[in-house]
Student: 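Input: one structure, supplied below.
Letters A, B, ... are given to chains in the order of the sequence lines, protein chains preceding strands, and every chain is numbered from 1. Because the structure is predicted, anything quoted here is derived from the model rather than measured.
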Amino acid sequence: MSERYDPQLAEPKWREAWAEADLFRALPPAEAGDAPKAYVLEMFPYPSGRLHVGHVRNYAMGDVVARHKKAKGYNVLHPMGWDAFGMPAENAAMERGVHPGTWTYANIAAMKAQFHKLGLSLDWSREFATCDPEYYGEQQRLFLKFMEKGLVYRKASKVNWDPVDQTVLANEQVIDGRGWRSGAVVEQRDLTQWFFRITDYAQDLLDKLDTLERWPEKVRTMQANWIGRSEGLQMRFEWACPAPEEFEAGIDIFTTRPDTLHGASFIALSPDHPLTEALAGRDPDLAAFRALCAQGGTSEADIEKAEKIGFDTGLRVAHPLRPGETLPVWSANFVLMGYGTGAIFACPAHDQRDFDFARKYDLPVLPVVRPSASAPAADPADGLSWVVTGAGEEMTEAYTGPGTIMKSGDWDGLSIDAAKSAAIEAMSARGLGSRTVNFRLRDWGVSRQRYWGCPIPVVHCASCGIVAVPAEALPVRLPEDVSFETPGNPLVHHPDWKTTTCPDCGGEAERETDTLDTFNDSSWYFARFASADDREERAYWLPVDQYVGGVEHAVLHLLYARFFSRAMRDVGELDLADGEPFAGLFTQGMVTHATFRAGDGRWLQPAEVELHGGQAIERATGQAVTVGPVEKMSKSKKNTVDPDAIISEFGADTARWFVLSDSPPERDVEWTQAGVEGAARFMQRVWSLFRSLSLPAADGLAEDEAASLDLRRVAHKATRAIDSAIEEFRFNSAIATMHDWVNQMKKAEQIGESVRNARLESASMLARCLTPFVPHLAESCWTLIGQPGLVSAAPWPEADPAFLVEDSVTLPIQVNGKRRAEIAVAKTATPDMVEAKALALPDLAPHLEGKSIKKVIVVPGRIVNIVVA
RNA sequence: GCCCGCGUGGUGGAAUUGGUAGACACGAGGGACUUAAAAUCCCUUUCCUGAAUCAGGAGUGCCGGUUCGAGUCCGGCCGCGGGCACCA
């Protein structure tokens with residue numbers, strides 16, 4: 001038996017043993033007996049071709065949870081698959097002429113081999129790729145069910161259009177107003193697109209966030225902000241001038257500040273408002289204004305820089321509460337068509353945007369809220385001067401704080417909240433409006449003009465319109481013979497794929513050429529893992545008990561999946577009462593690395609750099625290297641680390657151990673060579689510990705009972721601490737405990753044979769605690785001390801409560817809150833006994849001399865504090 | 001601008017309900033073993049003061065408060081990170 005542990009020999013051997021024993025296959029519900037179920041899932045990867053270290057961290061975390069649950073007696077489902085549709089495959093096709101499917105499946109094979117080397121406890125029997133026709137066929141069936149239920153619709157919407165690639169781009173793909181691939185200036189186009197009615201569930205998606213107790217607060221907040229509920233008044237302003245054609249009824253607006261209605265000074269319409277559009281048809285100047293507004297980019301930076309511009313339409317509406325007063329109707333670029341009604345009433349005194357606009361166009365500023373109830377209306381000490389007309393020189397910004405209503409007739413003296421209610425009541429009574437809730441959340445546009453995605457399973461028939469593809473004709477398969485020569489959607493250019501017949505009338509028809517946004521694919525894969533087609537088995541496994549993935553999916557993926565499981569439930573496809581797919585969520589941090597830059601500005605790979613003390617030197621040239629900030633690993637900065645290289649050099653266990661140690665899982669961890677070497681050293685240290693126990697025992701030595709008891713205490717306490725640390729996702733703490741445990745075992749090794757039995761017991765427990773983290777090493781150690789079978793199949797060690805409590809405790813003694821001494825007392829000592837013993841301590845005499853004791857606080861088992869004066 | 005989160009040694013971090021601040025690890029320094037190196041093992045490592053394995057003082061971003069006792073709770077600042085953002 002070798003003195004050194006060799007992961008290259010041991011790791012493949014144990015993986016074979018696990019495969020042979022079929023250890024990680026989830027049991028069907030009927031075979032699970034009394035075992036409770038645990039569905040552990042990590043976000044499945046996009047098959048880019050290479051695993052990166054971030055994946056290693058993500059999957060190592062999931063594996064700790066899955067293996068721990070298994071050891072605790074759960075029937076565990078821990079599957080893996082591939083999020084396989086998407087742009088990179090098409091890019092590869094365009095750049096290298098390889099078919100997206102060929103490229104994707106080759107990548108899957110390569111990555112699966114890498115996955116295998118990590119020793120994860122995955123049930124590969126449920127593997128699939130979302131580009132498998134069986135998978136996307138099922139997705140098409142769901143799409144049609146949603147359509148039947150009215151959850152799908154088509155409408156024209158503005159999209160980012162790349163005129164070179166001839167495709168729609170997501171907002172993330174538009175960089176500084178240009179397409180990320182082509183570099184062409186992106187245009188706004190109106191296209192008819194498919195949408196999912198996610199907004200139907202807006203309220204429920206918001207409400208149920210409160211029930212997701214095992215989700216990070218941060219993610220819940222982000223989703224709540226994204227859904228963006230706001231309550232207010234939707235009301236109508238009626239004309240005080242000849243009404244424009246087709247808009248005779250007036251203008252509907254939405255406001256969250258109905259309390260400021262008396263301070264209204266103008267109406268602002270979005271440039272995209274139907275009324276603006278209609279008026280522009282007759283007024284070239286307004287048309288030019290609209291064109292000007294459309295020019296601005298959609299990026300955040302553009303919006304921030306954009307100056308407020310407006311156009312006076314010349315129309316006027318009546319103020320509903322101030323007889324005889326009228327308000328001008330403007331079109332303004334800061335009003336969005338996509339929110340509320342696309343029109344607002346502006347109260348410049350109490351809204352900064354309205355204020356800026358009013359200043360620019362010399363519109364009235366009419367304050368109707370004063371900051372404090374007591375201050376007289378015209379008191380300059382209020383910080384506001386109550387200018388009623390003109391440009392409001394005295395106000396430098398809008399007042400949006402709390403206060404009391406004034407200059408508002410009956411509402412004077414009311415609080416803002418009371419005035420809001422009064423306004424809503426008043427408008428309801430006049431039949432002009434009502435309380436309304438608005439959401440920031442928009443319906444989900446799912447159309448993509450792409451080849452490598454799930455085809456939308458409908459046909460367009462000249463006489464029947466849009467017709468669903470019948471169930472027996474699913475899946476609608478992507479054509480294999482496809483060309484990427486022409487820019488744009490290959491499905492449109494394909495010679496005959498889209499040509500078909502109408503399922504209803506049998507006449508000529510065309511297939512829909514849009515494919516589904518790839519977020520659809522990841523919105524229900526967890527249900528598919530639970531079972532391909534058995535609803536009861538899906539009900540058994542769902543919801544996912546522990547989901548693990550990156551925080552970058554906090555909104556989109558996690559929100560879409562929550563929508564999908566509700567929609568699936570409502571079309572009778574899923575038995576999930578509250579519609580929540582993920583009961584527990586953990587978002588892990590990234591793996592970062594220092595960046596290195598040569599004198600001439602080239603980025604250098606970590607392997608090209610040698611560190612000497614504080615100095616970094618380029619190996620090839622011997623020149624000094626600038627060590628840059630620690631950043632997320634990226635190819636452009638060359639600060640990536642290849643997991644394969646690490647595994648070949650140190651083994652998978654070392655890589656797993658390193659990415660879980662030191663930093664708390666939710667935080668970023670910095671990859672360092674020294675840290676990896678430290679992890680590798682620890683593997684050897686553990687190995688030597690077990691090896692010394694595998695040597696033949698010396699005879700005839702009496703047992704050292706006190707030392708044995710100490711060691712057993714260490715083992716049982718550590719087991720307990722590791723157990724709860726894993727359950728609470730404090731893997732770094734679990735690892736610190738194991739370090740400490742091993743240090744204690746090393747000390748016991750020096751004591752030797754007289755504590756052999758305790759060392760063996762401790763080692764057996766340690767091997768089982770190590771298993772979720774470093775399973776291969778744990779197997780080798782388990783075998784080394786003669787334990788039967790596989791430790792991966794062994795139950796979690798029981799911590800005996802008898803060893804968790806000490807007979808005596810060491811209490812710190814404070815005088816006026818400062819620690820001055822400590823005493824050892826029996827666990828059973830009463831506070832009085834502790835107090836008496838503490839006061840008698842000679843160490844304390846100098847601190848008590850000449851002072852009177854006012855109080856003695858004894859917290860049993862914790863601390864003694866003597867208060868003196 | 002709005003909404004979250006976080007500030008602890010040279011570094012990553014620990015301290016779970018207010019109860020010995022700095023566990024554990026990395027790095028650094030010193031030592032043992034060795035012909036030498038690797039490997040391994042041992043010691044030191046928050047700061048300041050002192051006749052210095054001891055004693056005293058300070059210390060968890062800053063200022064203040066509550067408490068016998070605050071890294072932890074409260075108020076106000078400062079700094080960093082993240083999310084959203086003409087959302088009416």
Student: Reading 5' to 3' and counting Watson-Crick or G-U wobble pairs with both distances under 3.5 Å, write the dot-bracket notation for RNA chain B, | for bases paired outside the strand.
Tutor: (((((((..(((......[....)))((((((.......))))))(((((...)))))..(((((..]....))))))))))))....

Student: Could you pull out all residues at least two apart from Phe773(A) that satisfy ring-ring contact (aromatic ring centres under 6.0 Å, His included)?
Tutor: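 None.
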
Student: Quick test of your reading: applying side chain to side chain donor-acceptor pair (under 3.5 Å), list the pairs with at least one residue in residues 261-276 of chain A, sequence neighbours left out, ordered by first then second residue.
Tutor: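 Listed by first then second residue: His262(A)-Arg322(A).
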
Student: Determine which pairs satisfy salt bridge (charged side-chain N to carboxylate O under 4.0 Å, His left out) with at least one residue from residues 717-726 of chain A, sequence neighbours left out, and list them in order.
Tutor: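 Matches after skipping sequence neighbours: Lys72(A)-Asp723(A), Lys717(A)-Glu806(A).
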
Student: Could you pull out all residues at least two apart from Glu728(A) that satisfy salt bridge (Lys or Arg N to Asp or Glu O under 4.0 Å)?
Tutor: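 Listed in chain order: Arg730(A).
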
Student: At a heavy-atom distance below 4.0 Å, what parts of residues 264-272 of chain A sit against RNA chain B?
Tutor: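 RNA chain B contact set from residues 264-272 of chain A: none.
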
Student: Would you indicate what Val867(A) reaches in the nucleic acid, counting non-hydrogen atoms under 4.0 angstrom: base, sugar-phosphate, or nothing?
Tutor: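 Counting heavy atoms under 4.0 Å across all strands, the contact made by Val867(A) is with sugar-phosphate only.
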
Student: According to the salt bridge (charged side-chain N to carboxylate O under 4.0 Å, His left out) rule, which pairs have a member within residues 329-352 of chain A, sequence neighbours left out?
Tutor: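 As it turns out, the salt bridge (charged side-chain N to carboxylate O under 4.0 Å, His left out) pairs with a partner in residues 329-352 of chain A, which skip direct neighbours, are Asp351(A)-Arg353(A).
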
Student: Determine all donor-acceptor pairs shorter than 3.5 Å in which one atom belongs to a side chain in residues 670-681 of chain A; sequence neighbours excluded.
Tutor:
{"unit_1": "Thr672(A)", "atom_1": "OG1", "unit_2": "Gly675(A)", "atom_2": "N", "d": "3.0"}
{"unit_1": "Gln673(A)", "atom_1": "NE2", "unit_2": "Glu677(A)", "atom_2": "OE2", "d": "3.3"}

Student: Between protein and nucleotides 53-57 of chain B, what N or O pairs are separated by less than 3.5 Å?
Tutor:
{"unit_1": "G57(B)", "atom_1": "OP1", "unit_2": "Arg820(A)", "atom_2": "NH2", "d": "3.2"}
{"unit_1": "G57(B)", "atom_1": "OP2", "unit_2": "Arg820(A)", "atom_2": "NH1", "d": "3.0"}

Student: Determine the contact category for Val551(A): base if any of its heavy atoms lies under 4.0 Å from a base atom, sugar-phosphate if only primed atoms, P, OP1 or OP2 are that close, otherwise nothing.
Tutor: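 Answer is nothing: Val551(A) stays at 4.0 Å or more from every strand.
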
Student: Quick one: list whatever passes ring-ring contact (aromatic ring centres under 6.0 Å, His included) with Tyr339(A), sequence neighbours left out.
Tutor: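 In terms of ring-ring contact (aromatic ring centres under 6.0 Å, His included), with neighbours along the sequence ignored, Tyr339(A) is linked to no residue.
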
Student: Enumerate the salt bridge (charged side-chain N to carboxylate O under 4.0 Å, His left out) contacts for residues 252-264 of chain A, please, sequence neighbours excluded, ordered by first and then second residue.
Tutor: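 Residue pairs passing salt bridge (charged side-chain N to carboxylate O under 4.0 Å, His left out), neighbours aside: Arg236(A)-Asp252(A), Arg257(A)-Asp259(A).
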
Student: What does nucleotides 5-14 of chain B look like as a protein-contact string, B for base, S for sugar-phosphate only, - for none, at under 4.0 angstrom between heavy atoms?
Tutor: -------BSS

